[in-house]
Amino acid sequence: MTLLSIRDLVVEFPTPAGVVRAVDHVSLELGFGERLGVVGESGSGKSVLARTAMGLTRKGPARISGEVVIDGRSILGLSERGRRALWGREVAMVFQDPLSALHPITPIGAQIAEAVRRDPSVKKEQAAKRAVELLEIVGIPQAARRAKSRAHELSGGMRQRVAIAMAVAGRPKLLFADEPTTALDVTVQARILDLFDELCREFGIGIVMVSHDLGVVGRHTDHVAVMYAGRIAERGPVKAVFARPSMRYTSALMAAIPSHRAERQTLPKPIPGSPPNLLAPPPGCRFAPRCAFATDRCGTEQPTLTELSGGHEYACWHPGQEAVR
Amino acid sequence: MRRLKVVDSLSLTWLGVLFLAAVILPLVIAFDTETMSSAQRLAGPSADYWLGGDNYGRDLLARALAGARVSLGIGFGSVAIAALIGVPLGMLAGYLRGAVDAVISFVVDVVLAFPGLVLALALASFLGASIQNVMIAIIVPMTPVFARLAKAQTMAVSGREYVEASQVIGTPTRSIVWRDVLPNILPPILAYAMVNVGTAILIEGGLSFLGMGVPPDQPSWGSMINQGRVFISEDPRLVAVPSVFMLLTILGLNLLGDRFLSGNDKAGVR
Amino acid sequence: MTARFVVLRLLRLVAVLLVVSALCFLSLNLLPGDPARAILGESGTPESVAALQQELGLDVPMGERYITWLGGILQGDFGRSYANRLPVADIILQRAPVTIELILLSQLIALAVAIPLATVAAVKRGTAVDRGISSLVFLAVSVPSFVLAFVLIWVFAIKLGLYPANGFIPISAGLGQNLGSLLLPSLALAAGPAALYQRVLRADLAETYGQEFMNVARAKGVSPLRMAVRHAFRPSLLGLTTSLGVVVGVLIGSSVIIENLFSLPGLGSILATSVSGRDYVVVQGVVLVAATAFVVINAVVDLVYGLIDPRLRKARVTRRAGAVPVA
């Protein structure tokens with residue numbers, strides 16, 4: 001049974017300067033209780049992908065085609081009202097910056113209770129109680145007292161815990177997390193990621209974690225999809241992708257992960273150049289201008305996804321683990 | 001955007017035509033605002049009197065244009081003087097801070113403690129009705145408004161790199177204020193001044209309407225409305241003509257001011 | 001909200017009020033020539049001038065006179081009107097309720113109109129609906145209250161005959177009747193403030209709608225109505241509350257004209273009457289009361305807002321500067 005199925009999704013934003021195709025024919029699948037990491041640089045379309053998959057991208061400014069099915073329901077075919085019925089109950093999202101994501105004035109307990117009360121059978125007092133329980137679940141000490149606090153009175157890590165509590169309050173089956181640790185201190189990041197693992201394990205929530213950090217995603221997800229300039233560059237089980245990165249961009253990302261292991265005392269290697277201008281992307285492989293292995297073919301012909309082993313696919317004409325010659 | 005431009009040019013056209021007709025035209029031909037004609041009493045528009053006659057049979061259009069001259073003169077004149085006094089004070093307070101700021105801000109607070117029109121009315125009553133006193137009655141409550149705005153703008157600008165750079169290299173305060181601060185705070189102040197001309201015209205209208213403004217022998221929109229109010233059920237035109245002149249003028253000034261603002265930094269101005 | 005902040009505010013408030021009272025006192029004493037003669041004007045007989053000189057205590061030094069005068073004010077002695085010899089305090093007490101009711105009603109109408117219009121415009125920002133509302137608002141902000149009053153009188157009283165053009169029905173004759181007699185004047189007064197509120201609130205709401213917590217609310221499945229009311233509204237009140245106090249000043253000023261126009265027996269109409277009748281003691285008393293009320297209301301608005309949203313107190317100081325319409 002698949003929890004989330006994205007098929008041939010295209011998201012375009014018409015701008016005065018031309019059409020920006022932020023997501024370009026992306027297909028992905030996720031099973032119940034599984035964790036998928038979507039990795040890419042900023043501007044790779046990963047956040048747009050997540051927001052569109054959840055149905056949040058507004059039809060006005062965006063042109064969307066393809067299909068997104070969450071637990072058997074096609075979300076793109078639904079009206080705003082129809083989607084709203086799913087939001088917070090079937091599918092929820094944790095945002096990047098917890099300070100701006102939490103309401104500045106409403107106490108955090110009330111914000112969580114509001115999410116709990118998306119289930120109309122829950123009474124007001126029950127919701128308040130449940131909010132405190134949720135705060136305990138996400139590891140906030142003295143939850144009953146903290147429930148009355150406002151967002152600006154909490155630390156960054158606490159805020160993100162609150163945001164996570166709010167997201168899981170409606171017992172969703174699927175949780176999108178958009179760069180959930182980027183705005184946090186390094187020391188706090190690991191604990192928040194552990195919390196996601198715990199939620200996934202204990203409540204069977206499927207998680208799509210969007211991140212620019214392949215290292216983070218590698219340790220906390222089952223599957224990984226690498227995005228570059230709106231396209232899937234490589235995807236597959238984390239172990240397979242980490243063991244044998246094939247698309248050269250993935251290899252470059254791997255090389256850029258700082259290593260703490262003594263046997264790999266190599267410095268992380270930054271990727272030269274910058275991501276392409278999406279108003280005028282390169283005609284062939286989008287990564288070709290920055291790739292050390294690019295040939296004429298890469299400049300003209302788009303590579304398609306090729307299966308390497310069970311579920312591990314890459315889009316590259318010259319696959320290999322090395323990022324530099 | 002295009003819609004806004006249409007509105008802008010309409011505003012400009014109205015104010016331009018009004019200026020030409022009220023200020024330039026009288027240099028060429030004299031308006032007859034005083035001749036009373038029984039035939040024209042409350043008469044509708046005609047070839048002679050384009051907007052008809054008032055309750056004394058005087059030419060309504062000529063009087064409205066004469067009123068425009070008074071209103072525009074008082075409006076622009078008092079705002080210019082208020083800005084010339086208020087802006088330097090505000091810049092001093094905003095740039096020097098400290099005791100200077102404390103004193104200026106306190107004076108500003110005191111003057112702004114009086115509701116604008118009430119202060120204007122009180123001043124007009126103590127000073128007596130004349131164009132000059134009406135202007136004083138408008139300038140006094142308006143000056144601190146400019147001071148406050150200039151102070152906020154100056155404080156915002158003073159923190160920017162180019163000003164700090166000038167301070168570091170030892171440029172004299174006078175030339176920093178003159179060359180770095182003033183040009184940057186001027187656009188929002190001009191926009192605000194435009195809107196305040198409308199406000200000044202409004203206060204003048206209010207004072208004249210209450211009989212405390214421009215002396216009765218000089219027609220003003222406010223006093224015309226006041227004279228016409230008795231006849232409102234017989235002939236609303238007497239009130240409507242000066243009202244429409246006043247409304248369009250204030251509207252035009254507000255629109256232009258807003259347009260000017262939206263093209264500039266909005267900090268401190270709302 | 002620290003205690004220090006409150007105390008400093010209060011001290012400043014008292015200082016401003018002292019200077020305001022001194023100015024009101026001086027205004028009478030700095031009239032050109034002899035105050036008693038100026039007050040009585042051409043009609044003053046030598047005897048009445050002498051009597052007034054004694055009543056004003058002109059033989060005493062000015063500083064001393066101010067202290068005595070201020071002491072009297074604090075005990076409710078504002079002097080006597082020259083038109084009818086009534087105590088000014090009685091006149092003010094008798095007329096203040098009408099003005100207060102008029103201003104409250106206008107504020108309520110203005111807010112009742114502005115809040116929904118601002119919300120709709122902010123939700124539909126950038127659309128024809130938003131532009132339509134903003135055009136209307138621009139018109140409203142540019143209409144002098146007395147011009148609007150004439151339009152209302154002409155339409156409702158003269159053309160439709162629905163309404164007496166003027167006169168005040170006291171509350172003792174029934175609340176409905178009383179409110180009815182204040183309806184047209186309140187509408188005339190409310191239009192400008194409503195427009196100002198709409199502009200300020202719409203701008204703040206639009207800013208709020210651009211913030212991430214609104215996306216979060218949407219992703220939580222919160223309905224658009226609940227988003228507007230429970231999520232967007234409170235964080236967007238900065239500009240509105242700031243203008244609330246400012247608008248009281250505008251309303252006090254405009255009520256002078258509107259009360260005069262609709263023959264309402266409030267403070268505004270007595271101010272207008274006293275000004276043209278040169279009844280300076282009444283002018284002095286009413287102006288002092290109006291300024292005091294205005295200053296105190298603004299201070300209260302300030303403090304209350306600090307309590308509602310302590311997060312924004314700092315931002316408020318910079319943003320309110322320069323945003324004071326005069327009338």
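Proteins get letters first, then strands, A, B, ... in listed order; numbering begins at 1 in each.
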Please examine the side chains of B:Ser243 and C:Phe146, heavy atoms only from C-beta on, and report whether any two atoms are closer than 4.5 Å. no

Provide the closest heavy-atom pair for B:Met246 versus C:Pro144 in the form atom of the first, atom of the second, distance. CE-CG, 4.0 Å

From C:Leu148 CG over to B:Leu247 CG, what is the distance, rounded to the nearest 0.5 angstrom? 10.0 Å

So, taking the atom named CG in B:Leu202 and the one named OG in C:Ser254, what distance separates them when rounded to the nearest 0.5 Å? 7.0 Å

Neighbour count above 12 (heavy atom, 6.0 Å) for B:Phe76 CZ: no

When C:Val283, C:Asn260, C:Val286 are compared by non-hydrogen pairs under 4.5 Å with chain B, the top option: C:Asn260

When B:Ala240, B:Gly206, B:Gly90 are compared by non-hydrogen pairs under 4.5 Å with chain C, the top option: B:Gly206

Which answer fits C:Leu23, side chain, backbone, both or neither, if we ask what part of it has an atom under 4.5 Å from a heavy atom of chain B? side chain

Proximity breakdown for C:Phe150 and chain B, heavy-atom pairs closer than 4.5 Å: both

Checking C:Val16 against chain B: side chain, backbone, both or neither under 4.5 Å from a heavy atom? both

Checking B:Leu255 against chain C: side chain, backbone, both or neither under 4.5 Å from a heavy atom? both

Heavy-atom pair of closest approach, residues C:Ala291 and B:Pro115: CA-CD, 4.0 Å

Mind ranking B:Arg229, B:Lys151, B:Met212 by heavy-atom pairs under 4.5 Å with chain C and telling me who comes out on top? B:Arg229

When every non-hydrogen atom of C:Trp154 is compared with those of B:Pro236, the smallest separation belongs to NE1-CG, 3.1 Å

Chain C contact via B:Val239 - which portion, at a heavy-atom distance below 4.5 Å: side chain

Heavy-atom distances under 4.5 Å only: say whether C:Val141 touches chain B with side chain, backbone, both or neither. both

Start with the C-alpha gap between B:Leu210 and C:Val275, add the side-chain angles, then the distance that decides, and say whether side-chain contact (heavy atoms from CB on, under 4.5 Å) holds. CA-CA 9 Å; B:Leu210 291 172; C:Val275 157; over 6 Å; no

Smallest heavy-atom separation, C:Ser142 atom then B:Asn254 atom, equals OG-ND2, 2.9 Å

Top contributor to chain B interface from C:Val295, C:Ile257, C:Val256 [non-hydrogen pairs under 4.5 Å]: C:Ile257

Which answer fits C:Ala15, side chain, backbone, both or neither, if we ask what part of it has an atom under 4.5 Å from a heavy atom of chain B? both

What residue, out of B:Ile250, B:Ile201, B:Leu207, B:Leu123, has the most heavy-atom pairs lying under 4.5 Å from chain C? B:Ile250

Taking the six-membered ring for Trp and the single ring otherwise, decide whether the centroids of C:Phe294 and B:Phe114 are under 6.0 Å apart. no

Least distance between heavy atoms, B:Ala122 atom then C:Val287 atom: CB-CG2, 3.9 Å

Taking all heavy atoms of C:Tyr280 and all of B:Ser125, pick out the closest pair and write down the distance. OH-O, 3.4 Å

